[in-house]
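Here the structure is laid out as structure tokens; the discussion comes afterwards.
Convention: sequence-line order gives letters A, B, ...; per-chain numbering from 1. Note that the coordinates shown come from a computational prediction; the quantities given were computed from them, not determined experimentally. The analysis underlying the following values was restricted to heavy atoms, covering all of them including side chains, and did not include hydrogens, waters or symmetry mates.
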There are 2 protein chains.
Amino acid sequence: MRRFKIPEVTVGRLSLYLRCLNELEEEGIEVVSSAELGRRCGVNPAQIRKDLAYFGEFGTRGVGYYVKELKEDIKRVMGLNKTWEVALVGVGNLGTALLRYKGFQRHGFKLSVAFDHQPEGKDVPEGCEIYHSSEMERVIKERGIKLAVITVHYSQAQDVAEKLARAGIKGILNFAPVRIHLSKGVVVRNVDMGTELEILTFYLTMKGAR
Amino acid sequence: MRRFKIPEVTVGRLSLYLRCLNELEEEGIEVVSSAELGRRCGVNPAQIRKDLAYFGEFGTRGVGYYVKELKEDIKRVMGLNKTWEVALVGVGNLGTALLRYKGFQRHGFKLSVAFDHQPEGKDVPEGCEIYHSSEMERVIKERGIKLAVITVHYSQAQDVAEKLARAGIKGILNFAPVRIHLSKGVVVRNVDMGTELEILTFYLTMKGAR
DNA sequence: TACTTTTTGTGAAAGTTACCACATAGGGGG
DNA sequence: CCCCCTATGTGGTAACTTTCACAAAAAGTA
């Protein structure tokens, strides 16, 4: 198949499959069918096969998928076969929590530098260096970092994003509740916890709860 | 129009429109067309009108939408015309950060109780009470809380979710990197920061960055 | 009131995404 | 070596979402 326009939902599901494959591996299961994988992660088996078909043929007919192999194939497709350095901007409550979150490391991400306009006295974990925001462009360029997380106040998010783009950042995960607008060449994803809660209340209100 | 199957993307956009309308209000703008609103939040104007048409007719032909009115209409549709109490389970790094996050309040949510299996010595903000997890079902039932945020370790997330469902929770925002499976009657939304970063690396890898 | 301008609300078309259903290929047993 | 069984890969279609395009309605003007 191997087309070039991959739907974003497909990419999200690849990540989901990866989690599921990790669990299977931990359980010592070596082979899995799309039916079983689908049951486990709540996705239609045909959907799984279609998703994988965008990138090649990974299964064996009559058998299924070899867990270890498929896991490595998906990791390769997603660029997760090596560690990514990540810069974090805005060492407040949320920023600090993310710096301390062990989960990223497990997924091959390393939050190696943080920036704040008041770096003094900020308690960052070992292995992470903190700098004043004015050093942002220099440090990111020097290290060749391509990924950044924005956890600043929403009034500064757009400005920070533009600076990051100038510093060579290619992917931004934005936690501030504003849509960031960059010309092009930079992928931005928004995680808006307010919106998430609002979607919940919508469905609760629809169903007449509360 | 007024159909009953509302697409989730539409609900997410309603929340986006709300943010944009707030900004317009702050700027003192009283009337806005779908064209202008669309330009501001990056959505096709026809899309906006279709989204709104699910719930009624809010505009005036030849004029546009009255900012204040539309804002109130959307808030009513989404059930945001009063404050929602929210329970948070798992007062670790992320949980603490969310408890301290001011943004929720601004959107009409109140994180009024938190639970942890080691509540002693946990520093929660004023206005929030912390209890031992064993009290969860009792406290949530007594207060009639319908919304919960899960920020526990992923190994406990499913278990916590089931307990919350038994306590009468109808909407769950899950930050643990596992798909939670509940029979029905409870809406679950997952925020998975690992997946978000992985989607970024996918697109970066596709485009040959790094 | 009649005419013009503007922008909504919506039917229909275009574009996407999900799912079914089956031909096809691989493995294993006799 | 052949046949049977199983589960993949995929063509076709159904379901859903987005966008176009225009009739209809409201407001302003004369």
Side-chain angles (χ1 to χ4, degrees), chain A residues 1-17 20-21 24 29-71 73-74 77 179 199 202-203, chain B residues 1-17 20-21 24 29-71 73-74 77 179 199 202-203:
Chain A
M1 200 179 190
R2 279 173 181 288
R3 272 178 40 208
F4 288 100
K5 210 288 173 186
I6 315 290
E8 190 176 301
V9 275
T10 289
V11 184
R13 281 193 299 262
L14 287 185
S15 171
L16 177 62
Y17 304 154
C20 209
L21 289 167
L24 287 161
I29 295 167
E30 297 189 346
V31 180
V32 68
S33 66
S34 59
E36 169 64 10
L37 188 59
R39 202 188 52 69
R40 287 196 175 225
C41 56
V43 177
N44 180 299
Q47 182 79 78
I48 296 181
R49 299 197 297 273
K50 263 270 156 69
D51 284 341
L52 296 175
Y54 281 117
F55 306 100
E57 303 194 0
F58 303 115
T60 308
R61 295 179 189 214
V63 177
Y65 301 90
Y66 291 95
V67 172
K68 219 178 171 69
E69 275 182 34
L70 183 57
K71 196 183 118 181
D73 284 329
I74 294 180
V77 160
R179 291 290 123 154
I199 294 174
F202 171 83
Y203 285 112
Chain B
M1 202 181 190
R2 278 175 181 287
R3 273 177 40 208
F4 287 101
K5 210 290 175 188
I6 315 289
E8 192 176 299
V9 275
T10 289
V11 184
R13 280 192 299 261
L14 287 184
S15 171
L16 176 62
Y17 304 154
C20 208
L21 290 167
L24 287 161
I29 294 167
E30 297 189 347
V31 180
V32 68
S33 66
S34 59
E36 171 63 10
L37 189 59
R39 202 190 51 72
R40 286 197 174 224
C41 56
V43 177
N44 181 300
Q47 181 81 80
I48 296 182
R49 299 198 297 272
K50 264 268 155 69
D51 285 340
L52 296 175
Y54 282 118
F55 306 100
E57 304 193 0
F58 303 115
T60 307
R61 295 177 190 216
V63 178
Y65 301 91
Y66 291 95
V67 172
K68 220 178 168 72
E69 275 182 32
L70 184 57
K71 194 183 119 183
D73 284 330
I74 293 180
V77 159
R179 293 287 124 154
I199 294 174
F202 172 83
Y203 285 113

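Set against dC19(C), dT10(C), dG9(D), the side chain of A53(B) has dT10(C) as its closest nucleotide. Between dT18(D), dG9(D), dA18(C), one nucleotide has an atom nearer to the side chain of V9(A) than all others, and that is dA18(C). The side chain of K50(A) lies closest to dC19(C) when the candidates are dA21(D), dC19(C), dC20(D).
A search for side-chain hydrogen bond (donor to acceptor under 3.5 Å, both in side chains) contacts involving S34(A) returns R49(A), not counting sequence neighbours. For D73(B), the side-chain hydrogen bond (donor to acceptor under 3.5 Å, both in side chains) criterion is met by R76(B), not counting sequence neighbours. Partners of Y65(B) by ring pair (Phe, Tyr, Trp, His ring centres under 6.0 Å), not counting sequence neighbours: none found. The salt bridge (Lys or Arg N to Asp or Glu O under 4.0 Å) search around R40(B) returns E27(B), E36(B), not counting sequence neighbours. I74(A) is linked by a side chain to side chain contact (heavy atoms under 4.5 Å, CB included) to L14(A), Y17(A), L18(A), L21(A), L52(A), L70(A), M78(A), counting only residues two or more places apart in sequence or in another chain.
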message: Using a 4.0 Å heavy-atom cut-off to protein, can you give one letter per nucleotide of nucleotides 25-30 of chain D, 5' to 3': B if the base is in contact, S if only the sugar-phosphate is, - if neither?
response: BBS---

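For the pair Y65(A) OH and dT6(D) P, the interatomic distance rounds to 18 Å; values are reported in whole Å. Atom CG in D51(A) sits about 12 Å away from atom P in dG9(D), given to the nearest Å. Y54(A) places its OH atom 11 Å from the P atom of dT16(C), with the value rounded to the nearest Å.
Applying the salt bridge (charged side-chain N to carboxylate O under 4.0 Å, His left out) rule to pairs touching residues 59-70 of chain B yields E25(B)-K68(B), sequence neighbours excluded.
For the segment residues 29-42 of chain B, no residue has any heavy atom less than 4.0 angstrom from an atom of DNA chain D.
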